[in-house]
Amino acid sequence: MASSENRVEAGGTARMVAALAKALREQAGLTQEELGKLIGYTASAISAMETCAQPASDKMLVKLEEVLGNGLGVFEKARKWMLLEKYPARFRGVAGLEAGAVTVSSYATFVIDGIFQTEAYAQALIRGGFPAVSDQKREELVEARLARRALFDRTPAPMIELILEEGVLRRPFGDWDIMREQMRSLAEDAQRENVCLQILPTDRGLRGSHAGDRGPMKLLVTEDHDHVVYLEIEDQGLLISDPPEVAQLAHRYAKIRSQALSPDDSLSLIERLAESAGEEP
């Protein structure tokens, strides 16, 4: 449902799209109801978009381009920036860097990294979070998160690495059916040519060394070949670009990777856990 809260929080791209869509609709002599029928939405949905009470979804932008774009591609170009505005503020800058990165290396300790999440898993995570968000906001966050999967098929293909704590695979969200689906999806992604996925065993600390004890991190090599590290804790994001600090964290990541299972052994473990998920021990 459209809300006054969204009008206040709407970003610059959402406001630009709203104003442009309204101007082009009026120029074409269309009412909100008529435009809605042409693109498959109700008049109230068009009104909500034009007032920023419910900013245009990615699907709506595609339809607006077809009907009102006049060959200029303005709504098509807006899709990227609208998606960025749907991310939490702490992640927006990083999302842009991630989308264009040549290498993305993540160490995830509590949940599946967002790039690899299925829709059902993302829905369960966001629905169960605190403080709770509205249904509309949840859908926007899920849409933005799933859009990150475009990295897998981007040209040129980036190198995507994920080191995942074994405990993440044993921690269900929503229900075990969702978790099984997520693990099967993870196994499929692990077999992509541009993906390297490794599992860090739960008992790693018993061997006297566990380089991942200080939490998750994401390392990016940008399209300009700059190296940055993103850290996040309790809704706070920190982007590190100072070369000595980045180097230290990159060395730690490399150590974590050396302590993880091989990609082949990791895939076998994921597939075994997917088969047994939810069964009594």
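These numbers come from the heavy atoms of this one structure, side chains and all, not from hydrogens, waters or symmetry mates.
The structure places OG1 of Thr109 at 9.5 Å from CD1 of Ile256, a figure rounded to the nearest 0.5 Å. The distance from atom CZ of Arg252 to atom CG of Asp213, rounded to the nearest 0.5 Å, is 7.5 Å. Going from atom CG of Leu68 over to atom CG of Leu38 covers 8.5 Å, rounded to the nearest 0.5 Å. The CE atom of Met183 lies 6.0 Å from the CG atom of Leu169; values are rounded to the nearest 0.5 Å. Rounded to the nearest 0.5 angstrom, Arg257 CZ and Ile163 CD1 are separated by 6.5 Å. Atoms CZ and CD1, from Arg204 and Ile199 in turn, are 15.0 Å apart once rounded to the nearest 0.5 Å.
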* Candidate pair Leu20 and Phe75, rule side-chain contact (heavy atoms from CB on, under 4.5 Å), full reasoning -> CA-CA 9 Å; Leu20 185 60; Phe75 295 108; 4.2 Å; yes
* To do: Could you walk me through whether Glu232 and Arg90 pass the salt bridge (Lys or Arg N to Asp or Glu O under 4.0 Å) test, one step at a time?
  => CA-CA 9 Å; Glu232 185 175 299; Arg90 66 182 181 275; 3.2 Å; yes
* Please walk me through it: do Ile160 and Phe152 pass side-chain contact (heavy atoms from CB on, under 4.5 Å)? -> CA-CA 8 Å; Ile160 303 173; Phe152 288 127; 3.7 Å; yes
* Report the C-alpha distance between Leu197 and Leu267 in whole Å, list the side-chain angles of each, state the deciding distance to 0.1 Å, and finish with yes or no for side-chain contact (heavy atoms from CB on, under 4.5 Å). => CA-CA 8 Å; Leu197 196 156; Leu267 176 59; over 6 Å; no
* Could you give me the CA-CA distance, side-chain angles and deciding distance for Glu65 and Arg79, then say whether salt bridge (Lys or Arg N to Asp or Glu O under 4.0 Å) is met? => CA-CA 10 Å; Glu65 181 63 38; Arg79 292 174 65 191; over 6 Å; no
* Could you please spell out the steps behind the side-chain contact (heavy atoms from CB on, under 4.5 Å) verdict for Val142 and Leu146? => CA-CA 6 Å; Val142 171; Leu146 294 179; 3.9 Å; yes
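There is no path of hydrophobic side-chain contacts, each under 4.5 Å, that joins Val62 to Val74. Under the 4.5 Å side-chain contact rule for hydrophobic residues, Leu97 and Phe116 share a cluster. Hydrophobic clustering (ILVMFWY, side-chain heavy atoms < 4.5 Å, transitive): Val195 and Met159 are in distinct clusters. Linking Ile, Leu, Val, Met, Phe, Trp and Tyr residues whenever their side-chain heavy atoms come within less than 4.5 Å leaves Trp81 and Met49 in two separate clusters. In terms of hydrophobic clustering, with Ile, Leu, Val, Met, Phe, Trp and Tyr side chains grouped at heavy-atom distances under 4.5 Å, Leu186 and Phe110 are assigned to a common cluster.
Within the 4.5 Å cutoff, no side-chain heavy atoms of Glu139 are placed close to those of Val133. Residues Val111 and Leu125 form a side-chain contact, since some pair of their non-hydrogen atoms from C-beta on lies under 4.5 Å apart. Looking at Val94 and Leu220, their side chains come closer than 4.5 Å, going by heavy atoms from C-beta outward. Side chains of Tyr107 and Glu165 form a contact here, defined as non-hydrogen atoms less than 4.5 Å apart. Side-chain contact check for Leu61 versus Glu76: every heavy-atom pair is 4.5 Å or farther apart. The closest side-chain heavy-atom distance from Arg170 to Leu273 is below 4.5 Å. Proximity of Arg25 to Gln32: side-chain heavy atoms (C-beta onward) are separated by under 4.5 Å at one or more points. Looking only at side-chain heavy atoms (C-beta outward), Ile39 and Ile46 come within less than 4.5 Å of each other.
Using modelled atom types, one side-chain atom of Gln191 and one backbone atom of Ala187 make a donor-acceptor pair closer than 3.5 Å. Side-chain N or O atoms of Gln259 include one that pairs as donor or acceptor with a backbone N or O of Ala211 at under 3.5 Å. Side chain of Asp113 to main chain of Ile115: a donor-acceptor pair is present (N/O by atom type, distance under 3.5 Å, no hydrogens or angles). A distance-only check finds a donor-acceptor pair linking the side chain of Thr51 to the backbone of Ser47 [under 3.5 Å]. Proximity of a side-chain donor or acceptor of Gln198 to a complementary backbone N or O of Leu261 within less than 3.5 Å is detected. No donor-acceptor pair under 3.5 Å is formed between the side chain of Ser209 and the backbone N or O of Gly205. Here the side chain of Asn70 pairs no donor or acceptor atom with the backbone of Leu72 at under 3.5 angstrom. Looking at Ser266, its side chain does come within 3.5 Å of a backbone N or O of Ser262 through a donor-acceptor pair. Side-chain atoms of Gln236 do not come within 3.5 Å of backbone N or O of Ile233 as any donor-acceptor pair. A donor-acceptor pair is defined here as one N or O able to donate and one able to accept, closer than 3.5 Å; no such pair exists between the side chain of Arg180 and the backbone of Ala274.
Residues Gly174 and Ile178 share a closest heavy-atom pair of CA-CD1, 3.9 Å. For Ala157 against Asn194, the heavy-atom pair with the smallest separation is CB-ND2, 4.0 Å. Contact detail for Ala14 and Pro55: the closest heavy-atom pair is CB-CB, 4.0 Å. What you find for Leu231 and Pro216 is that their closest heavy atoms are CD2-O, 3.7 Å. Smallest separation of non-hydrogen atoms from Glu223 and Gly100: CB-O, 3.3 Å. In plain terms, the two heavy atoms of Val228 and Ser241 that are nearest each other are CG1-CB, 4.0 Å.
The number of heavy-atom neighbours closer than 6.0 Å to CD of Glu33, taken from other residues, nucleotides and ligands shown, is 12 or below. Residue Gln248 qualifies as open at atom CD: its count of foreign heavy atoms under 6.0 Å is 12 or below.
For Glu245, the side chain to side chain contact (heavy atoms under 4.5 Å, CB included) partners are Ile240, Asp242, not counting sequence neighbours.
Listed by first then second residue, pairs satisfying side chain to side chain donor-acceptor pair (under 3.5 Å) with a partner in residues 143-154 read Lys86-Glu143, Glu98-Arg148, Gln117-Arg145, Arg149-Asp189, Asp153-Arg192, not counting sequence neighbours.
Within the 6.0 Å centre-distance limit, the rings of Phe91 and Tyr230 are counted as a close aromatic pair.
In summary, the side chains of Tyr253 and Glu161 do present a donor paired with an acceptor at a separation below 3.5 Å, with no hydrogens or angles considered.
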